[in-house]
Amino acid sequence: MTDTSAAPPALTADELEELDLLLDDLRTRGEEIPQWEFCDGALAALVCCRRPIPVAEYLPMLLGDGATLDVAPGEPLPLLPAFRDAAQQERFLALWQRRWAEVEHQLDTDVQTLEDERTYQPEAMDMRGAVASLPPEERAAMDGQDIPSFGQVWALGFMFVVENWEEEWAAPRDKEAAGWVDEALERIVALTEDDTGKPEVCMYSEDGPPSTSQARVEAFGEAIWAVYDLRQVWKSLGPRVAAVRKAPEPGRNDPCPCGSGKKYKKCHGA
């Protein structure tokens with residue numbers, strides 16, 4: 001289904017830099033705070049998730065200790081330890097919701113090509129291209145460091161949500177839909193692996209030194225289409241319905257559970 005509503009405003013370059021700096025500050029109080037690229041992958045998975053995950057459930061998993069916050073509907077979130085103050089947490093959530101609205105709108109828009117400017121674009125950075133573009137002395141300082149492949153951190157963030165809310169990503173009963181889900185997740189998982197192909201293009205800058213294989217670029221495109229598929233499959237199926245378990249009925253000669261003192265067959269079982 002095509003979303004014909006106006007696109008929400010995208011985050012600006014300055015706002016994306018603000019997010020990077022904000023997360024850097026959070027890491028001074030929490031060592032396991034991820035990079036924005038990882039967060040953006042997690043956000044995409046949350047947008048696609050079969051059940052809408054409340055912010056009080058996913059934010060501590062992403063930026064805290066994993067314990068769900070006890071928040072009544074309509075009440076503000078308590079302050080997570082990694083945030084400096086309430087204002088910083090509110091600013092992060094404001095930018096997060098802006099990005100959420102943008103991704104949701106993009107995934108609900110009918111596009112036929114990745115060249116369409118309305119297409120969903122993950123916040124993935126070519127770190128190898130960025131390092132290769134540094135001056136020689138700065139590049140030498142990075143020798144020996146494990147530099148992620150293009151799209152790898154984003155894919156790890158996406159799969160972080162899939163793995164932590166496993167029941168929401170379990171294959172549906174419909175075999176065709178289950179096949180679509182499995183195939184889509186396989187395309188995203190492929191990006192979590194290292195790019196071991198011959199560097200042919202630079203995704204960091206048009207004239208930068210080759211840092212990414214052509215096969216990786218194609219796999220990245222397939223992962224984008226996979227996100228569209230997951231969004232559509234789970235939207236069409238809706239939240240998982242919990243099975244209703246019927247309590248076993250008493251035997252005909254057992255006492256009736258209503259408390260009448262009669263046998264079940266003489267009372268409510270009649």
Side-chain angles (χ1 to χ4, degrees), residues 10-24 26-27 31-45 48 62 95 99 102-103 106-107 111 113-163 183-230:
L11 294 178
T12 65
D14 287 343
E15 288 170 331
L16 289 170
E17 183 178 2
E18 181 184 353
L19 275 167
D20 282 333
L21 294 174
L22 194 154
L23 291 169
D24 284 345
L26 264 58
R27 271 187 286 278
E31 294 181 357
E32 297 185 0
I33 301 297
Q35 299 289 333
W36 171 245
E37 182 177 342
F38 184 98
C39 293
D40 192 64
L43 183 150
C48 294
L62 187 63
L95 294 171
R99 176 60 176 163
E102 179 188 8
V103 171
Q106 289 170 337
L107 294 178
V111 295
T113 171
L114 296 182
E115 302 303 318
D116 192 321
E117 62 181 12
R118 301 171 301 167
T119 301
Y120 166 61
Q121 289 295 333
E123 290 291 337
M125 184 176 180
D126 179 10
M127 287 298 298
R128 294 182 179 180
V131 171
S133 300
L134 290 172
E137 61 277 8
E138 294 182 39
R139 189 167 65 249
M142 302 290 291
D143 285 348
Q145 294 192 27
D146 186 18
I147 302 171
S149 303
F150 176 61
Q152 188 172 24
V153 176
W154 173 88
L156 289 169
F158 194 104
M159 295 308 300
F160 170 83
V161 168
V162 174
E163 291 162 4
E183 182 183 348
L185 288 176
E186 285 175 5
R187 283 181 275 163
I188 294 172
V189 168
L191 282 189
T192 67
E193 305 293 335
D194 283 334
D195 178 12
T196 57
K198 177 185 176 182
E200 298 174 83
V201 296
C202 182
M203 304 299 290
Y204 179 72
S205 62
E206 291 184 4
D207 56 352
S211 55
T212 303
S213 69
Q214 186 59 42
R216 185 68 168 200
V217 175
E218 293 170 2
F220 184 69
E222 288 299 317
I224 292 176
W225 289 126
V227 179
Y228 276 95
D229 290 344
L230 291 168

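All values reported here derive from a predicted model rather than from experimental measurement.
Although no hydrogens or angles enter the test, the distance criterion places no donor-acceptor pair under 3.5 Å between the side chain of E222 and the main chain of R187. Distance alone, capped at 3.5 Å, is enough to place a donor-acceptor pair between the D116 side chain and the R118 backbone. Remark: side-chain polar atoms of Q152 are paired, donor with acceptor, to backbone N or O of T192 under 3.5 angstrom. For Y228 (side chain) and T119 (main-chain N/O), no donor-acceptor pair under 3.5 Å exists by modelled atom type.
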query = Can you list the steps and then say if R216 with L191 is a side chain to side chain contact (heavy atoms under 4.5 Å, CB included)?
reply = CA-CA 8 Å; R216 185 68 168 200; L191 282 189; 3.7 Å; yes

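Shown here are the ring pair (Phe, Tyr, Trp, His ring centres under 6.0 Å) partners of Y204, two or more places apart in sequence or in another chain: there are none.
Residue-environment remark: CD (E117) stays at or below the threshold of 12 foreign heavy atoms within 6.0 Å. More than 12 heavy atoms of other residues, nucleotides or ligands shown are found within 6.0 angstrom of CD on E138. The local environment of CD in E32 is sparse, with at most 12 non-hydrogen atoms from other residues, nucleotides or ligands closer than 6.0 Å.
Between P34 and L23, the closest side-chain pair of non-hydrogen atoms is not below 4.5 Å. Counting heavy atoms from C-beta on, the side chains of M125 and Q35 never come closer than 4.5 Å. In this structure, the side chains of L185 and L230 come closer than 4.5 Å at one or more pairs of heavy atoms. When side chains are defined from C-beta on, V111 counts as touching W225, because their heavy atoms get closer than 4.5 Å. Residues V227 and V103 fail the side-chain proximity criterion, which asks for heavy atoms closer than 4.5 Å. Within the 4.5 Å cutoff, the side chain of E17 has no heavy atoms near those of the T12 side chain. Taking the side chain as every heavy atom from C-beta outward, I188 and V162 never approach each other to under 4.5 Å. Two residues are said to be in side-chain contact when any heavy atoms from C-beta on lie closer than 4.5 Å; R139 and M142 fail this criterion.
Aromatic ring orientation, F220 versus W154: perpendicular (interplanar angle above 60°, classes split at 30° and 60°).
Salt bridge R128/D195: absent, no basic N to carboxylate O contact under 4.0 Å.
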